[in-house]
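Some notes on the structure that comes next.
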Amino acid sequence: MRRDSEGPIIKAETAQETLTFESAATELIAKGEELMQENSVKENRKYHTIEHPHTLERRAEEIAEIFGLLEREKTTVKIAISWHDTTINVTPANPEDITATITRHRGAREGDDPAGAQGNEAVCARETEREMRRMNERAGYPVFSEEEIETATFMVEATYPGVKFGAPFKEYPYYTNIVEQNPGIHAVIEELEQGGINKGLLFFQPHLEKPLEEGKKIPAEAFVMVLDDLGGAGLAAPEEFAMEGDKEFQELFVNISKPKNLKRLSEGDDERDETDRQKAAGAMIGWLKSQTGFVAWQMLRIEKIIILLRQNGQIDTAQEERLHAVFKRFIPNIYATLERARDTERNYNVLKEDAGSKAAFGYLARAMHYEL
């Protein structure tokens with residue numbers, strides 16, 4: 001109870017806020033996006049900007065329909081999407097090395113490389129859980145159920161990527177099963193091998209894939225978000241995928257991306273400028289070449305996940321066909337990345353020979369969506 005300064009004793013204001021699942025979720029999503037926007041601007045991110053969760057939300061719609069998610073489940077996915085990259089702690093790049101990269105503190109659980117349970121995915125998962133529980137406290141009842149909180153937290157943790165460098169395609173334990181399921185993939189891998197590409201950079205999601213391999217059933221919401229987050233190579237048209245890859249390069253290779261360095265690399269005449277120009281160009285062309293192997297591995301990985309989902313009874317034949325129909329752009333992106341890398345390198349070399357290294361670097365930078 002409290003006493004008004006000019007009147008009678010009145011009843012204390014102890015009533016809880018009127019919050020529904022919808023209003024609480026809307027507020028929570030907005031808060032996550034606001035934090036994402038704030039941090040991405042403060043940290044000068046190029047790829048993990050507010051556009052990233054917006055893109056995932058858009059792409060998630062069709063995947064959610066395949067898994068038959070209810071509206072409330074779709075909203076839980078949106079909550080996880082809005083919070084999953086709000087915190088991205090990094091070790092800064094060595095400013096003395098033009099091709100040095102930031103090192104993201106990846107990790108969702110103990111044993112994850114390099115940051116374990118103190119990694120970015122772990123921090124974002126804890127933030128997601130904390131904010132959902134705060135909403136419950138404000139409402140005075142579980143506006144979000146324990147299952148929904150657990151599912152949202154798992155989704156964020158499951159975005160943690162493991163990495164294998166130079167992994168040979170045909171040594172994948174699931175390769176035989178994959179090509180039996182989809183013979184066209186074998187033809188593509190054979191063609192890549194004939195062109196000298198038989199391995200690539202494999203990013204995978206162990207906290208999603210390991211339970212699947214053990215025959216465990218995973219919440220359907222997790223597949224919608226987690227496949228969406230790393231499956232852009234199968235979902236995006238070649239132009240969109242190329243842009244996303246270039247923005248990721250710009251975010252990682254922060255020294256090349258600094259405006260003062262771009263200007264120096266494009267216009268500088270010092271010996272150091274020329275040395276750094278060659279190093280930067282090598283890193284940029286190397287990145288473009290790496291994209292083909294990256295796409296090939298994501299194609300194999302998604303096929304493996306579809307196989308395991310079917311084996312575990314989480315999808316039927318119709319859903320399997322619809323998943324293949326949605327993730328339909330792997331092969332077009334394999335050929336598009338291959339052609340882009342070859343054309344860009346050829347044009348760069350011709351320009352370098354005819355007009356010099358500065359003109360060639362300017363072409364290469366613009367081709368990778370830098371603004372000079």
Pair Glu129-Arg126, salt bridge (Lys or Arg N to Asp or Glu O under 4.0 Å): steps then yes or no: CA-CA 5 Å; Glu129 178 182 6; Arg126 289 194 293 267; over 6 Å; no
Full working for side-chain contact (heavy atoms from CB on, under 4.5 Å) between Ile63 and Phe327: CA-CA 9 Å; Ile63 306 173; Phe327 287 95; 4.0 Å; yes
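Distance alone, capped at 3.5 Å, is enough to place a donor-acceptor pair between the Asn333 side chain and the Ala233 backbone. Looking at Arg45, its side chain does come within 3.5 Å of a backbone N or O of His48 through a donor-acceptor pair. Judged purely by atom type and a 3.5 angstrom limit, Asn120 uses its side chain to pair as donor or acceptor with the backbone of Asn89. A distance-only check finds no donor-acceptor pair linking the side chain of Arg138 to the backbone of Ala24 [under 3.5 Å]. For the pair Gln298 (side chain) and Phe203 (backbone), a donor-acceptor distance under 3.5 Å is present. Side chain of Arg329 to backbone of Leu235: a donor-acceptor contact under 3.5 angstrom is found. With hydrogens and angles ignored, the 3.5 Å screen pairs no side-chain donor or acceptor of Asn94 with any backbone N or O of Ala100. For the pair Thr344 (side chain) and Ala341 (backbone), a donor-acceptor distance under 3.5 Å is absent. Side-chain atoms of Asn39 do not come within 3.5 Å of backbone N or O of Ile88 as any donor-acceptor pair. With hydrogens and angles ignored, the 3.5 Å screen pairs no side-chain donor or acceptor of Tyr160 with any backbone N or O of Gly116.
With respect to Arg134 and Glu137, no salt bridge is recorded, no charged nitrogen being found less than 4.0 Å from a carboxylate O. A salt bridge is absent between Glu251 and Lys247; no separation between the charged side-chain nitrogens and carboxylate oxygens falls under 4.0 Å. In this structure, Asp276 pairs ionically with Arg272, as a charged nitrogen and a carboxylate oxygen lie closer than 4.0 Å. Taking 4.0 Å as the cut-off between side-chain N and carboxylate O, Lys46 and Glu248 do not count as a salt-bridged pair. Residues Glu121 and Arg106 are not paired through a salt bridge, judged by the lack of any N-O separation under 4.0 Å between the basic side chain and the carboxylate.
Inter-residue side-chain proximity for Glu209 and Val226 is flagged as unmet; no heavy-atom pair is nearer than 4.5 Å. Using a 4.5 Å cut-off on side-chain heavy atoms (C-beta onward), Ile29 and Trp83 make no contact. Looking at heavy atoms from C-beta onward, His105 lies in side-chain contact with Thr91 at the 4.5 angstrom threshold. Proximity of His54 to Glu33: side-chain heavy atoms (C-beta onward) are separated by under 4.5 Å at one or more points. Between Val90 and Thr103 there is no side-chain heavy-atom pair separated by less than 4.5 Å. Looking at heavy atoms from C-beta onward, Thr128 lies out of side-chain contact with Thr86 at the 4.5 angstrom threshold. Residues Val254 and Thr101 fail the side-chain proximity criterion, which asks for heavy atoms closer than 4.5 Å. In this structure the side chain of Lys258 never reaches within 4.5 angstrom of the side chain of Arg264, judged on heavy atoms.
For residues 229-245, the set of pairs meeting the side-chain hydrogen bond (donor to acceptor under 3.5 Å, both in side chains) definition, not counting sequence neighbours, comprises His52-Asp229, Arg58-Glu240, Arg59-Glu240, Arg59-Glu244, His84-Asp229. Applying the side-chain hydrogen bond (donor to acceptor under 3.5 Å, both in side chains) test to residues at least two apart or on different chains, the pairs with a partner in residues 311-323 are Arg310-Glu320. The salt bridge (charged side-chain N to carboxylate O under 4.0 Å, His left out) pairs that include a residue from residues 341-360 are Asp269-Lys358, Lys289-Glu345, Asp343-Arg346, where partners are two or more places apart or lie in different chains.
The residue from Phe330, Tyr174, Phe165, Tyr172 that alone fulfils the ring-ring contact (aromatic ring centres under 6.0 Å, His included) condition with Trp297 is Tyr172. Of the candidates Ile79, Leu70, Val77, Glu221 forms a side chain to side chain contact (heavy atoms under 4.5 Å, CB included) with just one, namely Val77.
Here the shortest heavy-atom pairing between Asn261 and Ile98 reads ND2-CD1, 3.9 Å. Contact between Leu265 and Asp273 at its shortest, heavy atoms only, is CD2-O, 4.3 Å. Between Phe253 and Ala283, the shortest heavy-atom distance links the atoms CE2-CB, 3.9 Å. The two atoms that bring Met36 and Pro53 nearest to each other are CE-CD, 3.9 Å, heavy atoms only. Here the closest non-hydrogen pair linking Pro206 and Pro161 is CD-C, 4.5 Å. Here the closest non-hydrogen pair linking Thr75 and Ala25 is CG2-CB, 3.4 Å.
A donor-acceptor pair shorter than 3.5 Å cannot be found between the side chains of Ser23 and Thr26. Gln278 and Glu274 share a side-chain donor-acceptor pair at under 3.5 Å. Of the N and O atoms on the side chains of Thr159 and Gln205, not one donor lies less than 3.5 Å from an acceptor on the other residue.
A distance of 9.5 Å separates CD in Glu213 from CG in Leu208, rounded to the nearest 0.5 Å. In this structure, the separation between CG on Asp270 and CZ on Arg277 is 9.5 Å, given to the nearest 0.5 Å. Ile178 CD1 to Ile189 CD1: the interatomic distance, rounded to the nearest 0.5 Å, is 9.0 Å. Within the model, atoms CG of Leu309 and CD1 of Ile315 stand 5.0 Å from one another, a figure rounded to the nearest 0.5 Å.
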Compile the donor-acceptor pairs under 3.5 Å between side chains in residues 151-158 and protein atoms, sequence neighbours left out, one pair per line.
from: Thr151; atom 1: OG1; to: Glu147; atom 2: O; distance (Å): 2.8
from: Thr153; atom 1: OG1; to: Ile149; atom 2: O; distance (Å): 2.8
from: Glu157; atom 1: OE1; to: Arg109; atom 2: NE; distance (Å): 3.2
from: Glu157; atom 1: OE1; to: Arg109; atom 2: NH2; distance (Å): 3.0

Report, one line per pair, each donor and acceptor closer than 3.5 Å where one atom sits in a side chain of residues 362-372; sequence neighbours left out.
from: Tyr363; atom 1: OH; to: Asn347; atom 2: ND2; distance (Å): 3.1
from: His369; atom 1: ND1; to: Asp246; atom 2: OD2; distance (Å): 2.6
from: Tyr370; atom 1: OH; to: Ser257; atom 2: OG; distance (Å): 3.0

Distance-only criterion, 3.5 Å: show the donor-acceptor pairs between side-chain atoms of residues 190-199 and protein atoms not counting sequence neighbours.
from: Glu190; atom 1: OE2; to: Lys170; atom 2: NZ; distance (Å): 2.2
from: Glu191; atom 1: OE1; to: Tyr335; atom 2: OH; distance (Å): 2.7
from: Glu193; atom 1: OE1; to: Lys170; atom 2: NZ; distance (Å): 3.1

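Aromatic rings of Phe67 and Phe223 (six-membered ring for Trp) have centroids within the 6.0 Å cut-off, being under it.
Both Leu230 and Val163 belong to a single network of hydrophobic side chains, linked directly or stepwise wherever heavy atoms of I, L, V, M, F, W or Y lie under 4.5 Å apart. A continuous path of hydrophobic side-chain contacts links Leu300 to Leu227 [ILVMFWY only; heavy atoms under 4.5 Å]. No path of Ile, Leu, Val, Met, Phe, Trp and Tyr side chains, each step under 4.5 Å between heavy atoms, connects Met132 with Val224, placing them in separate hydrophobic clusters. Note on Ile302: it clusters hydrophobically with Ile218, by side-chain heavy-atom contacts below 4.5 Å among ILVMFWY residues. Tracing side-chain contacts under 4.5 Å through hydrophobic residues (I, L, V, M, F, W, Y), one reaches Tyr175 starting from Leu202; they form part of the same cluster.
Both tests pass for Lys164 against the ring of Phe204: distance under 6.0 Å to the centre and angle within 45° of the axis. Cation-pi check for Arg133 over Phe144 is not met; the charged atom does not lie both under 6.0 angstrom from the ring centroid and within 45 degrees of its normal.
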